[in-house]
Amino acid sequence: MSMVSAVASEPRWVIEGVFGWLAAVALPFATSLVWLDMPWTVCSDGLASRGPSTGATAVQHAELLAWAEAYWHRSTSSSFAGHLTMFDSFDGKKHRLLQRSDISALFAG
């Protein structure tokens, strides 16, 4: 967590926040927040196309897919509910992107 705090204290940074407890460390330093709130079909297609991470077994990849699919049903900081709470309570500039075209629009505008 100290590494996250150190990076977040820099003038410019980007953090991927799937692990909500790490994002919560960085959030007090953030000036804007972008939530890629994509449907499970988009997420699962991305995970499937990337396949197992380097060195991961088929069993570990299957466990990752199961963990990712449970995102909408967990109640931890690394869940939909946890991310929604962080997003709703964030006072800075924020964007909730619900489809891939929203990403393109954000960077085009």
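All values reported here derive from a predicted model rather than from experimental measurement.
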* To do: Find out if a path of hydrophobic residues (ILVMFWY) with successive side-chain heavy-atom gaps under 4.5 Å connects Val18 to Met3.
  => no
* Asked: How close do Gly55 and Gln60 get, heavy atom to heavy atom, and via which atoms?
  -> O-OE1, 4.0 Å
* Under 4.5 Å between side-chain heavy atoms, hopping through other hydrophobics if needed: is there a path connecting Val7 to Phe19? -> yes
* To do: Check whether any side-chain heavy atom of Ser79 sits under 4.5 Å from a side-chain heavy atom of Trp72, and report yes or no.
  => no
* Would one find more than 12 heavy atoms of other residues, nucleotides or ligands at under 6.0 Å from atom CG of Asp91? -> no
* Which distance, rounded to the nearest 0.5 Å, do you find between the NZ of Lys94 and the OG of Ser89? -> 7.0 Å
* Arg74 side chain to Trp67 backbone, donor-acceptor under 3.5 Å -> yes
* Asked: Between Val25 and Ser5, which heavy-atom pair has the shortest distance, and what is it?
  -> CG1-OG, 3.2 Å
* Using the side-chain contact (heavy atoms from CB on, under 4.5 Å) rule, pick out the option among Gln99, His95, Arg96 that qualifies with Asp37. => Arg96
* Asked: Does Trp13 share a hydrophobic cluster with Leu22, counting links as ILVMFWY side-chain heavy atoms below 4.5 Å and allowing steps through other members?
  -> yes
* Output the distance between atom OG1 (Thr31) and atom CZ (Phe90), rounded to the nearest 0.5 Å. => 6.5 Å
* CG-CD1 distance between Leu27 and Ile15, expressed to the nearest 0.5 angstrom -> 9.5 Å
* Asked: Of all heavy-atom pairs between Ala6 and Ser9, which one has the smallest distance, and what is that distance?
  -> O-OG, 2.8 Å
* Asked: Which heavy atom in Trp21 sits nearest to a heavy atom in Ser78, and how many Å separate them?
  -> CD1-OG, 4.0 Å
* Quick one: does Thr57's side chain get under 4.5 Å of His61's, heavy atoms only? -> no
* Is the distance between the ring centroids of Phe80 and Trp35 less than 6.0 Å? -> yes
* Asked: For Val42, what are the other residues in its hydrophobic cluster, where any two members join if their side-chain heavy atoms are less than 4.5 angstrom apart?
  -> Val34, Leu36, Met38, Leu97, Ile103, Leu106, Phe107
* Under 6.0 Å between the ring centres of His83 and Tyr71? -> yes
